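Since we're looking at a predicted model, the values are computed, not measured.
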Amino acid sequence: MKKRQITIKDIAKALHISPSTVSRSLADHPDISQETKNIVNAYAREHKYKPNALALSLRTNNTKTIGVILPQIVHYFFSSVLSGIEDEAEKGGYRVIICQSNENYEKEVKGAQALLEARVCGVLASVAKTTTIYNHFQELIDSDIPMVFFDRICTGILTDRVVVDDYAGVCSAVEYLIRSGCRRIAFFGSPSHLAISNNRRIGYEDALRKNGLPVDKELIKICDNYTEALRLTPELLSLPNRPDAFFAVNDETAIGVLNVVKAKGLRIPDEVSICGFTNNSLAEVSDPLLTSVDQHGYELGAIAMRLLIERLNGVHDGDRIVSKIIKTNLVVRQSTR
């Protein structure tokens with residue numbers, strides 16, 4: 001039986017170092033100490049390691065392939081982002097490999113490793129809700145693969161990013177609800193470790209304070225999907241002083257709220273106003289039609305792709321981080337007064 005060829009991952013495991021350190025040692029990278037290089041090369045020779053010539057050739061000659069890691073392709077926002085990414089990639093002569101995490105940290109790590117092994121020349125990524133450790137992204141950067149985070153970013157990793165102006169989008173939407181006469185506005189948001197979640201919650205709270213309204217923690221819930229909205233909305237509507245408006249972190253959650261409010265026999269928007277965030281196709285077919293913050297996913301994806309291509313082409317200075325912010329706008333429909 002033919003013995004399996006040893007790989008960089010095998011060497012890394014045996015020497016208790018990262019695959020990127022092994023790769024750079026074998027390539028005589030100046031950031032790696034001579035001692036480490038000697039140990040790695042000695043082990044490689046002893047175990048007859050042979051580099052994948054095709055992969056190495058692709059890597060050094062620029063594969064013209066971009067890896068994309070995103071939470072859910074079926075989600076309207078991310079599918080819009082992906083359309084922008086692919087259109088811009090095609091203009092630049094790049095191909096796209098897509099890895100879907102399905103909001104799962106382990107799948108995200110496997111996706112990042114697959115892109116590393118595929119020798120992509122750059123990566124665009126949006127972090128899964130369950131991700132709190134970011135070593136897999138750092139490994140990509142340590143392997144000299146440029147990265148751009150979009151929408152859900154990792155604040156602890158210094159790399160380019162493109163984000164929606166979540167704070168301003170929520171703040172302006174909540175102020176609109178207040179101007180329309182709402183005084184008890186509930187907030188349904190995402191887990192607090194995500195930067196976008198904190199920005200949206202702070203925008204909500206600041207809008208209340210700016211208009212002289214108290215921040216009632218009883219009205220702030222972690223609820224970012226349709227199923228959870230069906231579960232939590234009845235609890236808030238049963239309060240002695242129930243909400244007269246709901247702001248939801250995405251349109252799916254807002255539709256869940258809308259269906260519960262209707263089932264309770266409350267009139268929308270006269271008794272309860274509802275506002276979402278995304279402005280997806282659901283907002284245009286719900287009954288009543290949903291007011292929502294448009295976050296311009298296609299534009300975000302196109303800008304993120306252009307930024308990565310510029311980084312690959314040396315347009316931006318080496319260590320200077322580029323951050324771009326996409327402005328939002330409120331699309332008013334029938335679910336608000």
Arg337: partners by side-chain contact (heavy atoms from CB on, under 4.5 Å), with sequence neighbours left out
Ser180, Cys182, Asp244, Pro269, Ser273
With sequence neighbours excluded, tell me which residues meet side chain to side chain donor-acceptor pair (under 3.5 Å) with Gln100.
none
Do any side-chain atoms of residues 234-241 form donor-acceptor pairs under 3.5 angstrom with protein atoms, and if so which ones, sequence neighbours left out?
residue : atom : partner : partner atom : Å
Ser238  : OG   : Pro234  : O            : 3.3
Ser238  : OG   : Glu235  : O            : 2.7

Results of side chain to side chain donor-acceptor pair (under 3.5 Å) for Glu90 - residues two or more places apart only
none
Quick one: list whatever passes side chain to side chain donor-acceptor pair (under 3.5 Å) with Glu103, sequence neighbours left out.
Arg152
Lys262, NZ: over 12 other non-hydrogen atoms inside 6.0 angstrom
yes
Side chains of Tyr298 and Asp87: closer than 4.5 Å at any heavy-atom pair?
yes
In the hydrophobic cluster built from side-chain contacts under 4.5 Å, what are the other members alongside Val249?
none
Hydrophobic side-chain clustering at under 4.5 Å (ILVMFWY, transitive links): who's grouped with Tyr167? Put none if nobody.
Ile202
According to side chain to side chain donor-acceptor pair (under 3.5 Å), who are the partners of Gln72, at least two apart in sequence or on a separate chain?
none
Would you kindly check if the NZ (Lys) or CZ (Arg) of Lys221 is within the cone defined by 45 degrees around the ring axis of Phe188 and under 6.0 Å from the six-membered ring centre?
no
Residues clustered with Leu158, ILVMFWY side-chain links under 4.5 angstrom
Ile321
Pair Tyr43 + Tyr49: ring centers closer than 6.0 Å
no
Got a sec, which pairs hit side-chain hydrogen bond (donor to acceptor under 3.5 Å, both in side chains) with one end in residues 194-204, sequence neighbours left out?
Asp166-Arg200, Asn198-Arg201, Arg201-Glu205
Only pairs at least two apart or in different chains count here, so list each side-chain hydrogen bond (donor to acceptor under 3.5 Å, both in side chains) that has a residue in residues 249-259.
Tyr226-Asn259, Asn250-Thr253, Asp251-Ser292, Glu252-Asn280
Quick one: list whatever passes side-chain contact (heavy atoms from CB on, under 4.5 Å) with Gln34, sequence neighbours left out.
Lys37, Asn38
